[in-house]
Amino acid sequence: MRIIFGHNSYVVKRINSKSLGIINETESFEIQLRQKYAHLYYIPVFPIGQVWVAQRNGNLYDVPENLKPILKRDYPSSVHWGAFALPLLIVLGLIIMEIYAKIEHMNYENQRQTESIANGNNLKSALQTITNKNTLLSFSTDDSDIDTYGNYLFVVLKVEKDKLLIGSISGKKDNWPRNFVSNRMINEYRKFKDNGISETFWISRKELENAIKLDEDFTSKLIPKISSTEKICLHAIYFINDAYFDEDTNANAQTEFYKEYINFGLDVVLDSIVPDKKGEEWKLSQKKEIKFGEKFAIKTESNDSAKLYYHIANEKKSLVANVTRYDIDNNLKDD
């Protein structure tokens with residue numbers, strides 16, 4: 001890369017020769033005070049002096065020596081700020097960056113507070129709708145960041161009016177090698193499936209509601225039933241109410257027409273797969289109960305779609321998912 005540097009000058013003051021009493025019979029001319037500067041890529045970096053010159057017919061000439069003291073006396077001048085353009089631009093850029101960073105930080109804080117309050121209100125509403133098991137309650141010791149994972153995890157086992165029977169889940173064991181699944185709800189549900197329930201107790205909805213962060217003045221609560229040593233807040237409520245299929249084809253079986261899916265949700269029974277376009281062939285590897293963590297396969301050469309009919313184990317309500325050769329529409333969505 002070529003570095004361009006050198007020196008140049010620009011006009012600071014202009015004086016007509018007649019104002020100095022210099023009368024030329026043919027024409028007047030202009031006397032200029034020019035600021036000399038060193039430049040980098042044509043941007044002034046620092047001054048290298050000032051000089052008086054006379055301009056006539058587009059050309060520059062030195063002014064007579066006897067005229068310079070008069071110009072200096074009657075038209076004094078200091079170093080012009082424009083000669084420091086590059087350093088000033090750098091300082092100005094740093095100031096703008098600092099202001100921008102502060103504005104970005106303020107916007108982030110406002111957005112974080114808005115999201116935190118909205119999350120709290122959503123949790124409050126969700127708490128009133130808990131009626132069945134397979135609902136997970138996640139508590140966190142950090143009430144300042146709604147994006148953190150919970151430290152304490154419970155599953156709802158039974159509901160009686162305003163009381164919930166919840167079971168404590170330890171997250172220490174993880175039997176699943178597929179740790180790259182980033183969906184938080186499923187990761188919490190996997191802890192439940194891996195570790196089971198270690199302890200159960202009743203807790204009121206009011207106690208849980210008091211542990212929800214609803215505004216910036218919220219401080220974590222000490223709930224002895226959950227933790228006798230740490231103050232916590234209700235961080236998230238997860239409703240596990242369906243199967244969640246994630247593509248997990250064995251590398252040895254991978255083809256364009258064959259896909260394997262693992263179920264990370266409720267146990268389901270696959271009933272049938274029906275092509276949207278008559279005459280096309282879609283095949284299920286098996287028609288049976290697919291429990292949490294179990295796999296099934298779909299094979300087709302169709303470029304169209306099909307409907308996968310299934311129902312939750314021990315329930316009669318039929319559910320349906322749209323399927324293409326490449327995907328199922330109730331697959332895992334990353335948070």
Side-chain angles (χ1 to χ4, degrees), residues 1 40-45 81-82 84-130 135-154 156 169 171 178-191 205-223 226-227 229-242 244 246 264-265 327 329-335:
M1 179 179 177
L40 182 65
Y41 294 104
Y42 306 109
I43 303 175
V45 179
W81 64 267
F84 300 97
L86 183 58
L88 290 174
L89 286 173
I90 292 175
V91 172
L92 180 61
L94 292 174
I95 293 173
I96 292 174
M97 288 175 61
E98 180 67 19
I99 294 173
Y100 178 77
K102 288 183 178 180
I103 292 174
E104 284 290 292
H105 179 71
M106 290 175 57
N107 290 338
Y108 169 77
E109 285 297 315
N110 290 335
Q111 182 180 356
R112 188 186 65 81
Q113 292 177 16
T114 300
E115 290 176 352
S116 178
I117 294 171
N119 182 69
N121 289 326
N122 290 338
L123 286 176
K124 185 176 179 182
S125 298
L127 181 62
Q128 305 307 316
T129 65
I130 297 175
T135 298
L136 303 178
L137 306 177
S138 180
F139 294 84
S140 174
T141 56
D142 182 7
D143 62 25
S144 63
D145 188 350
I146 63 173
D147 291 329
T148 56
Y149 278 92
N151 303 93
Y152 299 90
L153 182 63
F154 297 83
V156 176
I169 301 167
R178 302 183 75 257
N179 291 321
F180 56 82
V181 174
S182 60
N183 185 282
R184 297 185 181 183
M185 178 177 72
I186 297 306
N187 273 314
E188 300 291 57
Y189 192 53
R190 286 167 58 186
K191 293 178 186 177
R205 291 187 201 264
K206 189 63 177 177
E207 288 178 281
L208 294 174
E209 183 177 318
N210 289 337
I212 297 176
K213 180 180 180 179
L214 292 175
D215 55 52
E216 287 303 305
D217 295 329
F218 175 86
T219 54
S220 298
K221 311 295 182 182
L222 183 65
I223 306 178
I226 297 175
S227 172
T229 58
E230 295 183 298
K231 292 184 177 181
I232 61 176
C233 65
L234 181 55
H235 167 79
I237 299 176
Y238 301 115
F239 294 96
I240 311 297
N241 52 21
D242 202 347
Y244 303 101
D246 197 26
F264 278 120
D327 199 10
D329 68 0
N330 73 335
N331 61 355
L332 290 178
K333 302 295 190 300
D334 291 341
D335 292 340

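All figures in this text were calculated on a predicted structure; none of them were measured in a lab. This chain uses plain numbering: 1 for the first residue, then up along the sequence. Worth knowing before you read on, the calculation uses all heavy atoms, side chains too, and leaves out hydrogens, waters and symmetry mates.
Nearest heavy-atom pair across Ser220 and Lys231 is O-CD, 3.4 Å. Between Ile223 and Ala211, the shortest heavy-atom contact is CD1-CB, 3.7 Å. Taking every heavy atom of both residues into account, Gly82 and Pro44 meet most closely at O-CB, 3.3 Å. Heavy-atom minimum distance, Lys221 versus Asn210: CE-O, 3.2 Å. A pairwise comparison of heavy atoms in Gly265 and Tyr189 identifies O-CE2, 3.6 Å as the closest pair.
Taken from CD in Glu209 to NZ in Lys206, the straight-line distance is 4.5 Å, to the nearest 0.5 Å. To the nearest 0.5 Å, atom NZ of residue Lys213 and atom CG of residue Leu234 are 13.0 Å apart. Taken from CG in Leu214 to OG in Ser116, the straight-line distance is 9.0 Å, to the nearest 0.5 Å. Atom CD1 in Ile96 sits 4.0 Å away from atom CG in Leu92 (nearest 0.5 Å). With rounding to the nearest 0.5 angstrom, the OG1 atom of Thr229 is 9.5 Å from the CD1 atom of Ile232.
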Steps toward side chain to side chain contact (heavy atoms under 4.5 Å, CB included) verdict (Asp246, Tyr244): CA-CA 7 Å; Asp246 197 26; Tyr244 303 101; over 6 Å; no
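With hydrogens and angles ignored, the 3.5 Å screen pairs no side-chain donor or acceptor of Asn119 with any backbone N or O of Glu115.
The closest side-chain heavy-atom distance from Ile90 to Phe84 is not below 4.5 Å. Counting heavy atoms from C-beta on, the side chains of Ile186 and Tyr238 never come closer than 4.5 Å. Taking 4.5 Å as the limit, every side-chain heavy atom of Leu136 sits out of range of all side-chain heavy atoms of Ile237. Counting heavy atoms from C-beta on, the side chains of Ile226 and Phe154 come closer than 4.5 Å. At a threshold of 4.5 Å between non-hydrogen side-chain atoms, the residues Ile130 and Arg205 count as touching. Taking the side chain as every heavy atom from C-beta outward, Thr129 and Phe239 approach each other to under 4.5 Å.
If you check the side chains of Asn187 and Arg190, you find a donor sitting under 3.5 Å from an acceptor.
With sequence neighbours left out, the salt bridge (charged side-chain N to carboxylate O under 4.0 Å, His left out) criterion links Glu109 to Arg112.
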